[in-house]
Amino acid sequence: MIPSRRGEVLALLDEALQTPPDARPSLLDAVCVGDSELRREVESLLDLETAADGFLAAPEPPGLPPGTRIGPYRIVELLGRGGMGAVYEAVREDDFTQRVALKLVPRELASPFVVRRFHLERQILARLDHPNIARLLDGGTTEDGRPYLVMEHVEGVAIDEFCEARNLAPRQRLELLLPVCSALAFAHQNLVAHRDIKPGNILVTADGVPKLLDFGIAKLLDPAEGPADLTRTLERPMTPRYASPEQVRGDLVTPASDLYSLGVLLYRLLTGRLPSGLDTCGLEEVARRICEQEPARPSTEAGAGDPRQLRRLAGDVDAIVLKALRKEPRHRYGSAEQLAEDVRRYLAGHPVLARRGTLLYRGGKFARRHRFGLAAAMAVLLATGAFLVREQERRAAEQQRTERTIGVLQGLLDLADPDRRSDAAVIQVLETTRRQLAALKADPDLRAELLATLGRVHHKLGHGEEARRALAESLAIWRQRHAEDHAGLAVRLNNLGALDLDQGDYESAEARFSEARTLYEKDATATPEERAVNLDNLATVRLYRGRSAEAEALYRAGLELRLGAFGRDDPRVSYSLRSLGALDYNRGDFAAAEPLLREALRIRLASHGPENTALAPILDLLGNVRLARGDPAEAETLYLRALGLRRRRLGTEHAELARSERNLAVLRLGQGRVTEARALLEKATARLKRAMLPGDWRLADAESVLGAVLAAEGRRREAGPLLRESYRTLAATRGEYATATREARQRLSVLEVPPVTIPSPPPRR
């Protein structure tokens, strides 16, 4: 292999391996114009299909035969090949049947380096839980030591083919890009840069849902992989014609690199061409043009469909696309969500931020939206123009903060030792990052952004006190400096309130959620999901405080928001259905709770597969309902699934395991397996005591079950105080008629003569 051009050779070889053999000559004709040396090198590798330089080898030429078994999966057919593995359609055939896409490292490629890279891809995919990202379902290792991963099988076509086949207008193509931006923004929020955005990695289903896939060369921006390891992976893997200037040069890759590739994709969707003529020149010229040549405005190209349509989009759309294609990362959009927001503003007829427009431009946009009665509204126009100037300045400052955040956060995370993989290493990096923030006192806005990120990470990992310090300081800075930024304050209040809720400080949680709700009502830019999450949070804290009627009204308001914005089968709707099912269970209306929980489970399984952590609370609640309705066998299956899922995804020490352990202990106690029940409850209560304040109803509920276990062991003197105190706590926090309270009273009644019963709850209106 040509040593100085290994990156070009590998990139073109990967593209050729994904191209049908009879179409490869045409591909090489187009790419290798005037570059016979590159063509000879790639053709020799294609002909030999053997290992090259210890890094690359072709897959087994025929692929695995249909019917081959890999774990519980049966191979159906080969779907495609790439430099990192072969992808097969397969069917899972054990306790349930499911079509999947199975990616397997070929035998010749199973070097320690590639196997490590493949395991990283599995780690990356496991954290990306989004409706527009092809979800990870499973993973494992074959008998001969080759790793494989199993993903959602996406029935769809490449996004550019979808647009052409349906002859979509430019506006429709822009709308189709919005969920792609949402998926990419979610990946970036989880500190993952994709690094290979191109049409073939975005499939669109028959009903128009795009799915982002193939994170095989994604860069994980956290301590699990050091930058030196990642930046040299496969000699800067990328698809050259969609790569950013920094990728071509071998510089640091950040989420801004994905935004550039997204700009190339958008240019292609709108014009049918790549910017700067990249689809008609050789690879060496591709690199030069990407780094040096400014692309023409999309509106001057031959447009997709009717060229007149694209010319009518000149100005705003040109500005959006060209901003994404800026050579320097800091001059692009600060995030995928900012790009999407500009597209939405264009589609709604509002000024786009990419144009950093003058008052005349913004006034013109206003005039076109309100052309009738404009003369009578001149005063309003002038006031609106002044407001937009201030709004523009605020958003520009926000964008600059976001751009700086990406770079600084990357640098802080680089402090991690790349050879360490333990939770202790993660904690050390987070603590080091916190200390390093002291150097950012001169830039409090950036400090607040980073503290918010650190707080969310600590909360997710179960580090309550560390999370509180970071989130509280971020909120304090924002209150002092940006009291007018209602959405920014509401987000920080919700984050801190969620921590209060998890730790059992309901009064503080309710105050924060209520304030956030008021702020959202003042901010027209808040999304339906932001509002729904806030309503859910407020409902949950009121349910925990025994105000179930208020909780129901809030849960239903959140459900209506989600149904109106996303439709019945969106996974976000499953959260509302789960909450309403929990409400009915709390009231003892098990017949009403079950269909809600089963529908939530169906939606979540269909959208995210069986390994999504959001399934665990649904499984636990449904198990409670089945146990209450006399089906302990199904309840046991559901509890074990929830407990296993939480252990696999959250580790063996997370506080969330306590709920599954408590539920399984109740079942074991009913089966007479008292010793097992006590072992489970001791773990559960220990976790809850570490995670939340004394007197929390969840801890009291677990201790009530533990009291019943002690009574069953004949230790009635120990059981009595525990049962009485837990009952008093539950009655005070959840109310006399809550299911947890009634169950606690029933356990206490076993020790009391005569037993005292709770009257039936009042009928629901």
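A quick note: this is a predicted structure, and the numbers were derived from the prediction, not measured.
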Please test E510 against R547 for salt bridge (Lys or Arg N to Asp or Glu O under 4.0 Å), starting from the C-alpha separation and ending with a verdict.
CA-CA 12 Å; E510 182 165 4; R547 295 147 64 185; 3.0 Å; yes

Given the rule in the side chain to side chain contact (heavy atoms under 4.5 Å, CB included) test, do Y242 and D196 qualify, once you have shown the distances and angles that lead to the verdict?
CA-CA 7 Å; Y242 287 84; D196 197 24; 5.8 Å; no

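- Pairs engaging residues 177-193 under the salt bridge (charged side-chain N to carboxylate O under 4.0 Å, His left out) rule: none recorded [sequence neighbours left out].
- Closest approach of I133 and F186 over heavy atoms only: CD1-CD2, 4.2 Å.
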Residues H194, N201; criterion side chain to side chain contact (heavy atoms under 4.5 Å, CB included); working and verdict:
CA-CA 10 Å; H194 187 284; N201 281 339; 3.8 Å; yes

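- Between W697 and Y544, the ring-plane angle classifies as perpendicular under the 30° and 60° cut-offs.
- A cation-pi arrangement, defined by a distance under 6.0 Å to the six-membered ring centre and an angle within 45 degrees of its axis, is absent between R545 and Y506.
- Residues L347 and L178 have side chains in contact (heavy-atom distance under 4.5 Å, counting atoms from C-beta outward).
- Side-chain contact between S574 and R578: absent, with no pair of heavy atoms (C-beta onward) separated by less than 4.5 Å.
- The cationic atom of R604 (NZ for Lys, CZ for Arg) lies less than 6.0 Å from the six-membered ring centre of Y575 and within 45° of the ring axis.
- The closest side-chain donor-acceptor pair between S244 and Q247 falls under 3.5 angstrom.
- Using a 4.5 Å heavy-atom threshold, the side chains of L577 and I603 count as touching.
- Contact record, S514 with L538: OG-CD1, 3.5 Å, taken as the closest heavy-atom pair.
- Between E530 and Y520, some side-chain heavy-atom pair lies under the 4.5 Å cut-off.
- Within the 3.5 Å criterion, the main-chain N or O of A476 finds no donor-acceptor partner in the side chain of Q480.
- Minimum heavy-atom separation, D620 to A642: OD1-CB, 3.7 Å.
- Remark: R687 does not engage E656 in a salt bridge, criterion side-chain N to carboxylate O under 4.0 Å.
- By the 4.5 Å heavy-atom criterion applied to side chains, D500 and F513 are not counted as neighbours.
- Looking only at atom types and distance, the side chain of S182 has no donor-acceptor partner in the side chain of N132 under 3.5 Å away.
- Of the inter-residue distances, the one linking R698 atom CZ with T733 atom OG1 reads 10.0 Å to the nearest 0.5 angstrom.
- The pair R542-E550 counts as a salt bridge, with a side-chain nitrogen and a carboxylate oxygen less than 4.0 angstrom apart.
- K689 NZ: 12 or fewer foreign heavy atoms inside a 6.0 Å radius.
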So L493 and R479, side chain to side chain contact (heavy atoms under 4.5 Å, CB included) or not? Walk me through it.
CA-CA 10 Å; L493 285 162; R479 278 197 193 279; 3.4 Å; yes

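- Between the R332 side chain and the K323 main chain, no donor and acceptor come within less than 3.5 Å of each other.
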Run T685 and E703 through side-chain hydrogen bond (donor to acceptor under 3.5 Å, both in side chains) and show every step you take.
CA-CA 7 Å; T685 54; E703 289 182 330; over 6 Å; no

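- Going from atom CG of L184 over to atom NE2 of H130 covers 10.0 Å, rounded to the nearest 0.5 Å.
- We find that E552 and R556 are joined by a salt bridge, their nearest charged nitrogen and carboxylate oxygen being less than 4.0 Å apart.
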Could you walk me through whether E611 and L645 pass side chain to side chain contact (heavy atoms under 4.5 Å, CB included), step by step?
CA-CA 7 Å; E611 286 296 306; L645 177 60; 3.9 Å; yes

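- Using a 4.5 Å cut-off on side-chain heavy atoms (C-beta onward), V533 and R562 make contact.
- Here CG of L266 is found 12.0 Å from CG of L259. Values are rounded to the nearest 0.5 Å.
- Nearest heavy atoms, L325 versus G263: CD2-C, 3.7 Å.
- Among all heavy-atom pairs drawn from G609 and R135, the shortest one is N-NE, 2.7 Å.
- Residues V180 and L262 are in side-chain contact: their nearest non-hydrogen atoms beyond the backbone lie under 4.5 Å apart.
- Distance check, rounded to the nearest 0.5 Å: CG of L643 to CZ of R647 gives 4.0 Å.
- Considering all non-hydrogen atoms of both residues, A509 and G497 come closest at CB-O, 3.6 Å.
- You'll find the side chain of R662 reaches within 4.5 Å of the side chain of D701, heavy atoms only.
- Note that CZ of R531 is 10.5 Å distant from CZ of R517, once rounded to the nearest 0.5 Å.
- Summarising the geometry, atom CZ belonging to R572 is positioned 12.0 Å from atom CG belonging to L561; distances are rounded to the nearest 0.5 Å.
- Under a 4.0 Å N-O distance rule, the pair E515/R512 does not qualify as a salt bridge.
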